[in-house]
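One-based numbering, in listed order, for ligands and for the atoms of each. Just so it is clear, the values below take in all heavy atoms, side chains as well, and ignore hydrogens, waters and symmetry mates.
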Amino acid sequence: MQSWPRPSIPRLVDAGLGTGPVVRVHDTARGEVVPTDPQGAARLYVCGITPYDATHLGHANTYLTFDLLQRAWLDHGVDVHYTQNVTDVDDPLLERATATGMDWVELAERETQLFREDMTALRILPPEDYIGAVESIPLVVDLIGRLESTGAVYRVDDDLYFEVRSAERFGQVSGWDDETMSRIFGERGGDPERAGKRDPLDCLLWQAERPGEPAWDTELGRGRPGWHIECAAIALHHLGTAFDVQGGGSDLVFPHHEMSAAEAERATGEAFARSYVHAGMVGYEGEKMSKSKGNLVLVSRLRAEGRDPMAIRLALLAHHYREDWEWFGDEIEAAQERLARWRSAFARPSASPAKAVIDRLRGALANDLDAPAALAAVDEWCAAEGDDVDAPGQVALAVDALIGVTA
Ligand code: 5CA
Ligand code: ZN
């Protein structure tokens, strides 16, 4: 699939401003903040949208998290190879298409295009590989074949299931006990009750054709991919095993990332990702923001109301990425004011020297992407006076490179 345009990123090292430190992030599997240690280019996979509705602030917050991670890596001097999927065939998409009388392909294309426009406006770095579920069916079939050869696949009617406990490290990502896994599995698209399964947690790899639903002819029969195997197949194909970071929102810790990792590790005998990084959930005035609750704050709507995308970006960055938080309308006003303050500070003829604030910015971001600390550092610099004539331009450059906010 087509990705979206890449925003320009100044290279601070070329401006004589040095490089940033080693980047540390919180790994859900280990439960602690760990240094990233890419061998060559950093390899990043982030779970993409299911395109049945427009991008809301929760999605934007998740993709912004991994944009910051990339900026911190680039500033440290590490190249990045980034892959993201689009779940362009799945139950919620088909249900929405049926409910609205739309063709599911058209719905997916329309919402994916709107997502690209939102990401472009927010200056979020695009993936090199932007890959749809439909176009990756051959990869999925191939990976299921590899799993079959390990003996970990069985049939229930004409559907194929994966024996999750055949993966040695099943449970490594969430670290949850059986009771928690079973409860959440049912709540998040799993089918613990289905008769004929060997274990309630076993997950669907391939779903045989259902009446009225799309299906593809493959050596597994006519049908379509399960959800978790989609991301396992796309990530393995484009990034290989033991890639640096598997990312997404915290709603994906279990079952999605647990199952994808189990499938990939059983098939390859190697680690799937080296770290699992999860952004918190953004809610709206007391509730989880979700398509089904109809309480979405859409990026496209804020843009249509004339909000500056850079203010939207700053409003999100005012929260640490791992925090669960709620959007109240006044956050955008505060962000707009901050943006105006920053822009006038960057336009000053002189200011206090840039080095200290740039060091603080870099230190904050490298320390588990601490954006609120980074914003506080810039705020303090803006409030101080000084006679360094290079400083305003240098700080503006660093804010562009590291935080993605342009003057
Ligand atoms: N297509 C799958 C991933 S393979 C999916 O979860 N799609 S999604 O459209 O539901 O979500 C897209 C991304 O946004 C995921 O990384 C998800 O974890 C994240 N996300 C969804 N809702 C929220 C929210 N309320 N707050 C923060 N992140 C969210
Ligand atoms: Zn995914």
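Donor-acceptor pairing under 3.5 Å is lacking for the side chains of D79 and W73. Judged purely by distance below 3.5 Å, without hydrogens or angles, the side chains of Q113 and R110 never pair a donor atom with an acceptor atom. Looking at Q172 and E258, their side chains never bring a donor and an acceptor atom within 3.5 Å of each other. With hydrogens and angles left out, the side-chain atoms of T180 and D177 include a donor and acceptor closer than 3.5 Å. Side-chain N/O atoms of Y154 and D202 include a donor and acceptor closer than 3.5 Å.
More than 12 non-hydrogen atoms from other residues, nucleotides or ligands lie less than 6.0 angstrom from CZ of R348.
The ligand atoms of ligand 1 that sit less than 4.0 angstrom from a heavy atom of M281 are 23 (C), 24 (C), 25 (N), 26 (N), 27 (C), 28 (N), 29 (C). The contact set between ligand 1 and C47, taken as ligand atoms under 4.0 Å from a residue heavy atom, comprises 3 (C), 4 (S), 16 (O). Taking every non-hydrogen atom of I49 and a distance limit under 4.0 Å, the qualifying atoms of ligand 1 come out as 1 (N), 7 (N), 9 (O), 12 (C). Under a 4.0 Å criterion applied to the non-hydrogen atoms of G280, ligand 1 contributes the atoms 26 (N), 27 (C).
Not a single heavy atom of A279 sits less than 4.0 Å from an atom of ligand 1. Ligand 1 lies nowhere less than 4.0 angstrom from a heavy atom belonging to N61. Look at H278 and you'll find every heavy atom at least 4.0 Å from all atoms of ligand 1. Under a 4.0 Å heavy-atom criterion, P92 is not in contact with ligand 1. The closest approach between Y52 and ligand 1 stays at or above 4.0 Å for every heavy atom of the residue. Within the 4.0 Å heavy-atom cutoff, H56 counts among the residues contacting ligand 1.
Inclusion of G48 in the set of residues having an N or O under 3.5 Å from an N or O of ligand 1 is warranted. Geometrically, ligand 1 and D251 share a nitrogen or oxygen pair separated by less than 3.5 Å. Among the atoms of H256, none of the N or O lies under 3.5 angstrom from an N or O of ligand 1. Distances between N or O atoms of V282 and those of ligand 1 include at least one value under 3.5 Å. Looking at ligand 1, you won't find any N or O of G248 less than 3.5 Å from one of its N or O atoms.
With sequence neighbours excluded, no residue satisfies ring pair (Phe, Tyr, Trp, His ring centres under 6.0 Å) with H237.
Counting heavy atoms under 4.0 Å from ligand 1, residue T62 touches it through the side chain alone. At a heavy-atom distance under 4.0 Å, only side-chain atoms of C231, from C-beta outward, approach ligand 1. Counting heavy atoms under 4.0 Å from ligand 1, residue N85 touches it through the side chain alone.
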Sequence neighbours excluded and cut-off under 3.5 Å, please list the side-chain donor-acceptor pairs for residues 246-253, or say none.
none

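Cation-pi check for R224 over W104 is not met; the charged atom does not lie both under 6.0 angstrom from the ring centroid and within 45 degrees of its normal.
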Go through the steps to decide whether R194 and D159 satisfy the test salt bridge (charged side-chain N to carboxylate O under 4.0 Å, His left out), and finish with yes or no. CA-CA 12 Å; R194 180 163 182 187; D159 300 335; 2.7 Å; yes
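Residue pairs meeting the ring pair (Phe, Tyr, Trp, His ring centres under 6.0 Å) criterion with at least one member in residues 249-281, sequence neighbours excluded: W176-F254, W227-H256, H228-H256, F243-F272, H257-H278.
The Zn ion (ligand 2) has C47 SG, C231 SG, H256 NE2 as protein N, O or S atoms under 2.8 Å away.
The closest donor-acceptor contact from the side chain of R266 to the backbone of T150 lies under 3.5 Å.
Under the 4.5 Å side-chain criterion, counting only non-hydrogen atoms from C-beta, I131 is in contact with H238. Q84 is not listed as a side-chain neighbour of L44, based on a closest heavy-atom distance of 4.5 Å or more.
Taking a cutoff of 4.0 Å between a charged side-chain nitrogen and a carboxylate oxygen, R210 and D91 do not qualify as a salt bridge.
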